[in-house]
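Report on one structure; see the data block that follows.
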Amino acid sequence: MAEVRHWLMKSEEDEYSIDDLARDGSTPWTGVRNYEARNLMRDEMKPGDLILYYHSNARPSGVAGIARVASKAYPDPLQFDPESSYHDKKATEEEPRWFLVDVEFVEKFDRVVPLAEVKDHPDLQEMTLVRRMRLSVQPVEEEEFRIIREMASS
DNA sequence: GCCAACGTTGGC
DNA sequence: GCCAACGTTGGC
């Protein structure tokens, strides 16, 4: 079996929080409309990979828990839905443009690890979260994942 | 709510 | 194919 990889995925707390994921068990990660984020989901993620669940637009923003990749990549159904704000009229069933994976709940942290603490930690300076503000799906090193999980329980 | 960062679009 | 204008993300 291939090695488990680690990721970070952002969700606006008001839109879909770690509590929503805990309630639902799992959810299709709809609405990603950034090519780099799409490519990671489509080409790199596999079932069993672990995810830091990040709340954006929150008070404070930060890592709220852990989730897991629960499916292979498949086309985001909302791109075909004219009623959806995620509709993409250039996408067709034959040639989908946007892909997603299902994400399942693993655990909610006892406390959110705020972005400010991540930015302050000397061993987390290379994280995409610190260096590039606007990518909503991003790779995380195993060591970074471990450090943040530890920060949540201290 | 403001606004900086930065990805995307479209005119040329 | 450059790059200015535009739109969105997301911290604060």
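Order of the sequence lines fixes the chain letters, A, B, ..., with proteins taken first and strands second; residue numbering starts at 1 for each chain.
Computed from coordinates, the A:N57 CG to B:dG1 P distance equals 13 Å when rounded to whole Å. Following rounding to the nearest Å, A:R97 (CZ) and B:dT9 (C1') show an atom-to-atom distance of 12 Å. Atom CG in A:L8 sits about 13 Å away from atom C1' in C:dG10, given to the nearest Å. Rounded to an integer number of Å, the gap from A:Q138 CD to B:dG7 P is 12 Å. Note: CG (A:D14) to P (C:dT9) measures 14 Å, nearest angstrom. Across the protein-nucleic acid pair, A:H55 atom NE2 and C:dG10 atom P stand 14 Å apart, rounded to whole Å. Distance CG (A:L135) to P (C:dT9): 12 Å, rounded to an integer number of Å. Atom CZ of A:R38 and atom P of B:dT8 are 10 Å apart (whole Å).
Between A:K108 and A:D19 there is a salt bridge, with a side-chain nitrogen of the basic residue lying less than 4.0 Å from a carboxylate oxygen of the acidic one.
For the pair A:Y35 and B:dC6, the criterion of a side-chain N or O lying under 4.0 Å from OP1 or OP2 is not met. Not one side-chain nitrogen or oxygen of A:K90 sits closer than 4.0 Å to the OP1 or OP2 atom of B:dT8. Within the 4.0 Å cut-off from OP1 or OP2 of C:dG10, not a single side-chain nitrogen or oxygen of A:S61 is found. Under 4.0 angstrom from either OP1 or OP2 of C:dG10 there lies at least one side-chain N or O belonging to A:K10.
For A:E144 against A:E126, the heavy-atom pair with the smallest separation is OE2-C, 4.2 Å. Smallest separation of non-hydrogen atoms from A:R68 and A:I51: C-CD1, 3.8 Å. Residue A:W29 comes nearest to A:V32 through the heavy atom pair CD1-CG2, 3.7 Å, listed as atom of the first residue, atom of the second, then distance. Heavy atoms only, all atoms of each residue included: A:A152 and A:R111 are closest at O-CG, 3.4 Å.
Using a 4.0 Å cut-off on heavy atoms, the residues of residues 124-134 of chain A that approach DNA chain C are A:M133, A:R134, listed by number.
Using a 4.5 Å heavy-atom threshold, the side chains of A:Y74 and A:P96 count as separate. Between A:V140 and A:F145 the shortest side-chain heavy-atom distance falls below 4.5 Å.
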